[in-house]
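Keep in mind that the numbers below use all heavy atoms, side chains included, and drop hydrogens, waters and symmetry copies.
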Amino acid sequence: MYSLYNNGKGFTLLEVMLSTVLGIIVIIAVLELLTLSSISFTKQSNIFSATQEISVFMLTFTKDIHNADTIDVTDTRVDITSDGKQITYVYNNGTISRNSKILMTKVDALKFTQTPAGTGRLIGVTVSKNGVEMRTMVYAK
């Protein structure tokens, strides 16, 4: 006898449950991928920002050293005299300033060096921020 409820055109309960479980697995995978992408984007953005800030600092510092008449260097401070003007770079508590104007904040580490033994004209600086570390050596005129 022919039944209205058994005509083979619908889905069984097992098929509906299986497709629901597979759909949930796909949704969870997509959400996990979006979360990982967001985390990666944030990290790359922080690295890019730190690289840009350090590059601007290095450019300014390099220009000042190239034009320097006299230079006095310690680990956290550089005093430059150029054309009668005094320029001072100071690193203190994660902040780099130039003549008391803040250039960078949240710096992990900074070290100034001079060779040889404080009498050389080769000035080095190493800056680290957000996992990005840059070093340069600048020759003063």
Side-chain angles (χ1 to χ4, degrees), residues 2-141:
Y2 183 74
S3 170
L4 291 174
Y5 301 108
N6 195 9
N7 59 11
K9 293 183 181 179
F11 297 105
T12 65
L13 179 60
L14 182 60
E15 290 170 331
V16 170
M17 288 175 53
L18 185 61
S19 63
T20 302
V21 168
L22 288 174
I24 289 172
I25 290 172
V26 168
I27 289 171
I28 289 172
V30 168
L31 289 175
E32 187 66 26
L33 182 63
L34 288 173
T35 302
L36 291 174
S37 296
S38 176
I39 291 169
S40 177
F41 177 77
T42 301
K43 285 181 182 178
Q44 289 300 317
S45 179
N46 288 340
I47 289 171
F48 177 76
S49 176
T51 302
Q52 288 294 96
E53 281 187 78
I54 293 171
S55 294
V56 169
F57 162 73
M58 292 287 200
L59 183 65
T60 304
F61 182 76
T62 300
K63 185 182 91 171
D64 287 339
I65 293 296
H66 279 302
N67 295 324
D69 296 323
T70 63
I71 304 169
D72 183 36
V73 178
T74 66
D75 284 348
T76 59
R77 180 182 179 108
V78 174
D79 292 307
I80 302 167
T81 304
S82 177
D83 296 326
K85 294 188 294 184
Q86 183 70 25
I87 301 170
T88 302
Y89 285 90
V90 177
Y91 173 66
N92 188 16
N93 293 326
T95 301
I96 302 172
S97 59
R98 178 183 184 264
N99 289 347
S100 301
K101 179 183 175 193
I102 295 175
L103 296 178
M104 289 177 60
T105 59
K106 299 180 183 174
V107 176
D108 300 328
L110 179 136
K111 184 173 183 180
F112 295 110
T113 57
Q114 184 175 13
T115 56
T119 61
R121 301 294 289 172
L122 191 59
I123 311 301
V125 62
T126 303
V127 182
S128 177
K129 179 175 181 170
N130 291 343
V132 176
E133 181 174 288
M134 289 181 144
R135 298 177 186 166
T136 190
M137 297 295 281
V138 184
Y139 189 76
K141 67 176 183 177

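- A 4.5 Å side-chain heavy-atom check between Glu133 and Thr126 finds at least one atom pair inside the cut-off.
- The nearest pair of heavy atoms linking Phe57 to Leu103 is CD1-CD1, 3.8 Å.
- Side chain to side chain, Asn99 and Tyr89 fail the donor-acceptor criterion of an N or O pair below 3.5 Å.
- Checked against side chain to side chain donor-acceptor pair (under 3.5 Å), Asn130 has no partners two or more places apart in sequence or in another chain.
- Judged purely by atom type and a 3.5 angstrom limit, Lys129 has no side-chain atom pairing as donor or acceptor with the backbone of Ile47.
- The side chain to side chain donor-acceptor pair (under 3.5 Å) test applied to Gln44 returns no partner, not counting sequence neighbours.
- Residues passing the ring pair (Phe, Tyr, Trp, His ring centres under 6.0 Å) test with Phe112 are Phe61, sequence neighbours excluded.
- When the side chain to side chain contact (heavy atoms under 4.5 Å, CB included) test is applied to Arg77, the partners found at least two apart in sequence or on another chain are Thr74, Asp79, Thr88, Val90.
- At least one donor-acceptor pair closer than 3.5 Å links the side chain of Thr12 to the backbone N or O of Glu15.
- Using modelled atom types, no side-chain atom of Thr81 and backbone atom of Asp69 make a donor-acceptor pair closer than 3.5 Å.
- The backbone N or O of Ser45 lies less than 3.5 Å from no partner atom in the side chain of Ser49, so there is not a single donor-acceptor pair.
- By the 4.5 Å heavy-atom criterion applied to side chains, Val78 and Ile71 are counted as neighbours.
- Every residue meeting the side chain to side chain contact (heavy atoms under 4.5 Å, CB included) condition with Lys111, not counting sequence neighbours, appears here in chain and number order: Asp75, Thr113.
- In terms of modelled atom types and a separation under 3.5 Å, the side chain of Ser40 and the main chain of Leu36 share no donor-acceptor contact.
- Considering only heavy atoms from C-beta on, Met104 comes within 4.5 Å of Val127 through its side chain.
- Two residues are said to be in side-chain contact when any heavy atoms from C-beta on lie closer than 4.5 Å; Val132 and Ile54 meet this criterion.
- Here the side chains of Ile80 and Thr70 are not in contact, with every heavy-atom distance at 4.5 Å or above.
- Residues satisfying the side chain to side chain contact (heavy atoms under 4.5 Å, CB included) test with Phe48, not counting sequence neighbours, are Gln52.
- In terms of modelled atom types and a separation under 3.5 Å, the side chain of Ser38 and the main chain of Leu34 share no donor-acceptor contact.
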